[in-house]
Amino acid sequence: RNAFHWTHIDALNDTDVPAGRSGTTCVTCLVDEDYIHVAHVGDSRALLVTENDDGNTAVIVSTTTESTVANYPNEAARIEKAEGRIDGQGNVWYGPVGISMTRALGDGVLLRAGVVPTPFVESWPRPSTGPASSTLILATDGIWDVLSNEDVCNNVRDSSIEEQIADQIV
């Protein structure tokens with residue numbers, strides 16, 4: 001969480017970054033011996049795909065979800081308490097400036113509307129090693145605006161080489 005906050009502050013203080021109206025999405029993870037820890041803001045998502053022992057089916061084990069009012073209704077209270085407003089489609093507005101997400105890095109204008117850089121953080125048990133394999137996908141809106149979780153699972157299932165998986169998804 002601290003890394004996200006410091007990145008947000010650095011973007012606002014850097015004169016080379018047009019941070020006044022340019023929030024961004026981010027997803028990152030830390031994998032340790034027992035868990036996969038994921039932090040994300042905005043239209044980003046992590047997807048853990050595990051292949052069943054039969055080798056034929058890829059299943060979604062766990063996913064994060066984009067930070068929007070539709071996906072996290074309790075986000076609306078923070079937006080409404082700040083100077084923001086929410087339209088009928090769940091977009092957050094501050095005057096004439098709008099964004100579809102409730103959490104973003106580097107957006108100084110929509111911070112006043114309640115759009116915060118604080119990430120959602122989740123931890124998943126790391127899949128055990130064995131006959132089944134797992135693939136962790138971290139992607140932002142350029143992927144998730146076009147592909148569903150199931151589409152990504154199909155790409156994982158259709159290729160066993162990680163570079164090919166990434167190329168197919170992109």
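For the numbers below, each heavy atom of this structure counts, side chains included, while hydrogens, waters and symmetry mates do not.
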Kindly say whether [Y] contributes a backbone atom to a donor-acceptor pair with the side chain of [X] at under 3.5 angstrom?
X      : Y      : answer
Arg45  : Leu138 : no
Asp141 : Trp144 : no
His8   : Gly106 : yes
Asn154 : Asp151 : no

Quiz prompt | Identified side-chain contact (heavy atoms from CB on, under 4.5 Å) partner of Thr102 from the options Asn91, Val92, Val115, Leu110 | solution =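 Per the side-chain contact (heavy atoms from CB on, under 4.5 Å) rule, the option paired with Thr102 is Val92, out of Asn91, Val92, Val115, Leu110.
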
Spacing of [X] atom [atom1] and [Y] atom [atom2] [to the nearest 0.5 Å]:
X      : Y      : atom1 : atom2 : value
Ile36  : Ser123 : CD1   : OG    : 9.5 Å
Leu147 : Gln168 : CG    : CD    : 11.0 Å
Asp14  : Ile9   : CG    : CD1   : 13.5 Å
Asn155 : Glu150 : CG    : CD    : 12.0 Å
Cys29  : Tyr35  : SG    : OH    : 16.0 Å
Arg103 : Thr118 : CZ    : OG1   : 6.0 Å

Quiz item: ring pair (Phe, Tyr, Trp, His ring centres under 6.0 Å): which pairs involve residues 91-122, sequence neighbours left out?
Solution: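 Every ring pair (Phe, Tyr, Trp, His ring centres under 6.0 Å) pair that includes a residue of residues 91-122, provided the two are not neighbours, is His40-Phe120, Tyr72-Phe120.
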
Just so I know, are the side chains of [X] and [Y] near enough to count as touching, which here means a heavy-atom distance under 4.5 Å?
X      : Y      : value
Ile99  : Asp107 : yes
Pro119 : Val38  : no
Asp34  : Arg126 : no

Show the nearest heavy-atom pair for residues [X] and [Y], with the distance to one decimal.
X      : Y     : value
Val121 : Ala39 : CG2-CB, 4.1 Å
Gly114 : Ala82 : N-CB, 3.5 Å
Ser134 : Thr50 : OG-OG1, 3.2 Å
Met101 : Asp43 : SD-N, 3.4 Å
Ser67  : Gly42 : OG-N, 2.9 Å

Is there a path of hydrophobic side-chain contacts, each under 4.5 Å between heavy atoms, that joins [X] and [Y]?
X      : Y     : value
Val116 : Val97 : no
Leu30  : Leu47 : no
Val31  : Val27 : yes

Quiz item: Are Thr68 and Asn71 linked by a side-chain donor-acceptor pair shorter than 3.5 Å?
Solution: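 Note: Thr68 and Asn71 side chains meet the donor-acceptor criterion.
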
Self-check item: ILVMFWY clustering at 4.5 Å (side-chain atoms), partners of Val41
Solution: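 Same cluster as Val41: Phe4, Leu105.
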
Quiz prompt | Derivation and outcome, side-chain contact (heavy atoms from CB on, under 4.5 Å), residues Ile86 and Glu80 | solution = CA-CA 8 Å; Ile86 301 168; Glu80 291 167 355; 4.1 Å; yes

Exercise. Sequence neighbours left out, what passes side-chain hydrogen bond (donor to acceptor under 3.5 Å, both in side chains) with Ser44? Give chain and number order.
Key: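 Applying side-chain hydrogen bond (donor to acceptor under 3.5 Å, both in side chains) to Ser44 gives Thr25.
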
